[in-house]
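The sequence lines fix the lettering, A, B, ..., with proteins before strands; numbering per chain opens at 1.
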2 protein chains.
Amino acid sequence: MREAFHEQLETVFADLAAICREVENAVHYATESLMTGDAAVAEAVISADAQIDRAAERVEDRAFAILALQQPVAGDLRTVVAALRMVSELERMGDLSVHVAKIARLRVPYLAVPEDARPSMMRMAQVAQDLVARATRVIADRDVDAAAEMEKMDDEMDQLRRTSLTELLSAEWDHGVEPAVDIALLGRYYERIADHAVSVAQRVMYVVTGQQPQATTEP
Amino acid sequence: MREAFHEQLETVFADLAAICREVENAVHYATESLMTGDAAVAEAVISADAQIDRAAERVEDRAFAILALQQPVAGDLRTVVAALRMVSELERMGDLSVHVAKIARLRVPYLAVPEDARPSMMRMAQVAQDLVARATRVIADRDVDAAAEMEKMDDEMDQLRRTSLTELLSAEWDHGVEPAVDIALLGRYYERIADHAVSVAQRVMYVVTGQQPQATTEP
């Protein structure tokens, strides 16, 4: 019984890691569509989200089956419930990538982000994508050290977000309202992707170490 | 055993309804601080969020105890897991109210939302608050009819959000970048509060009727 339980749990975590990899792709291509204005890439991100949703449903069903059939208690119970929460967060990260791709698509044939705002936006995108990549490793390998580093990166994200908002509210901003609104929302989406990645990693850490994760940076 | 289970579950749902009422207050006062520029009201919303977080933790602990001690299966299991998800969403709605209050506080002694943009912002805030109030009733009374109406209101929210973005991107917009960015983010926060309220109600419906909720409006 215990052995069956742990095998099934391993499958759930392998599936979660696979979904996290798909989310990493979604973030990557959403950013590509944003930076290049390539509508086809944006469309691909938007339509691929259904796959993430279906994969998430399958993992949910499996986690429910484990709860119902194996009746885990204590740490095992918390691990399965953590998996259910992680799957919701991963699904949400997919949705947020779709939001980025939709802004890119909306501005085609133009680019949503003006030249001089691109470096800070690109940096936010990179930090978000890197955090998602680390979350994958944390899920796949229970890499507690990688999880610990992620919080520092999330602090960088918060700083980038503040810098970006300061830029577009400064007297030097001469691109008008539309790109400012796009950048404010894009920054919000990347920030949320980053927050969820950190939260997913913290849930894994909690499962491994038994220590309650700290509150997320939100609000 | 079954009786103890159902009593404990009733307590969890009563607690969830109480948290939802606190969230309704948070949305109400966050909006008040936004519309009046009253820093003290904004501060009160921000500091009251810790209470919502603590109440959420207590409900989580209780739901875990039910899972561990009562070992529910089938529909009962899904109900407890639904409660765990609802509590995460309610906590998140509290965070989003804090975001609204923080924008209000940031602009004191000015108002974040210019005169002519106030009606549509006020309407978004009202729809969000009304959806949270309905979610409370759905949790407290398992009112399936109230839940069904909520989807239509959420469609109105999506429409309001689009109208608001169109307003601030129009040629007539003469308030510059800062209020536009504030309004875009505020609209996003109210929209997410509304989405979560609908999702919470759908989870209750699912528990009552056994029917899978439809996908949320996001993305």
Side-chain angles (χ1 to χ4, degrees), chain A residues 46 49-50 53 57 60 63-65 67-78 80-81 84-85 88-89 91-92 94-102 106 164-165 168-171 173-185 187-189 192 195 199 212 215-219, chain B residues 46 49-50 53 57 60 63-65 67-78 80-81 84-85 88-89 91-92 94-102 106 164-165 168-171 173-185 187-189 192 195 199 212 215-219:
Chain A
I46 295 162
D49 190 53
D53 293 348
E57 268 173 46
E60 267 186 25
F64 265 112
L67 281 180
L69 300 174
Q70 305 279 354
Q71 304 264 327
V73 291
D76 289 345
L77 173 61
R78 291 206 172 251
V80 181
V81 173
L84 277 169
R85 290 184 160 167
S88 300
E89 296 205 71
E91 197 185 342
R92 187 80 208 114
D95 292 349
L96 289 160
S97 308
V98 166
H99 285 322
V100 171
K102 281 188 175 173
L106 194 64
S164 162
L165 285 173
L168 51 91
L169 296 178
S170 79
W173 182 262
D174 55 5
H175 304 290
V177 170
E178 190 177 276
V181 165
D182 283 347
I183 289 169
L185 291 173
R188 174 79 188 151
Y189 301 146
R192 290 300 296 151
D195 287 342
S199 166
Q212 189 68 36
T216 59
T217 52
E218 276 266 321
Chain B
I46 294 163
D49 191 52
D53 293 349
E57 268 173 45
E60 267 185 24
F64 266 111
L67 281 179
L69 300 173
Q70 304 280 354
Q71 305 264 328
V73 292
D76 289 344
L77 173 61
R78 291 206 172 253
V80 181
V81 173
L84 277 169
R85 291 183 160 168
S88 300
E89 297 204 70
E91 199 185 342
R92 188 82 207 113
D95 291 347
L96 289 160
S97 308
V98 167
H99 285 320
V100 171
K102 281 189 174 172
L106 194 63
S164 163
L165 284 175
L168 52 91
L169 296 179
S170 78
W173 182 261
D174 55 5
H175 305 290
V177 170
E178 188 176 277
V181 165
D182 283 348
I183 290 169
L185 291 173
R188 174 79 189 152
Y189 301 145
R192 291 298 298 151
D195 287 344
S199 166
Q212 189 66 38
T216 58
T217 53
E218 274 266 322

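The shortest non-hydrogen separation linking B:Pro72 to A:Gln71 is O-NE2, 3.9 Å. For the residue pair A:Leu169 and B:Glu178, the shortest heavy atom distance occurs at CD2-CA, 3.4 Å. Nearest heavy-atom pair across B:Ala184 and A:Val181 is CB-CG1, 3.6 Å.
Both the backbone and the side chain of B:Val177 have a heavy atom closer than 4.5 Å to some heavy atom of chain A.
Annotation: maximal heavy-atom pairing with chain B below 4.5 Å, among A:Leu77, A:Leu67, A:Leu165, A:Ile46, occurs at A:Leu77. Most heavy-atom pairs under 4.5 Å with chain B: of the set A:Asp76, A:Asp182, A:Ile183, A:Leu168, this distinction falls to A:Leu168.
A:Arg85 contributes atom CZ, which lies 4.0 Å from atom CD of B:Glu60 (distance to the nearest 0.5 angstrom).
The side-chain heavy atoms of A:Arg192 and B:Arg192, taken from C-beta on, include no pair separated by under 4.5 Å.
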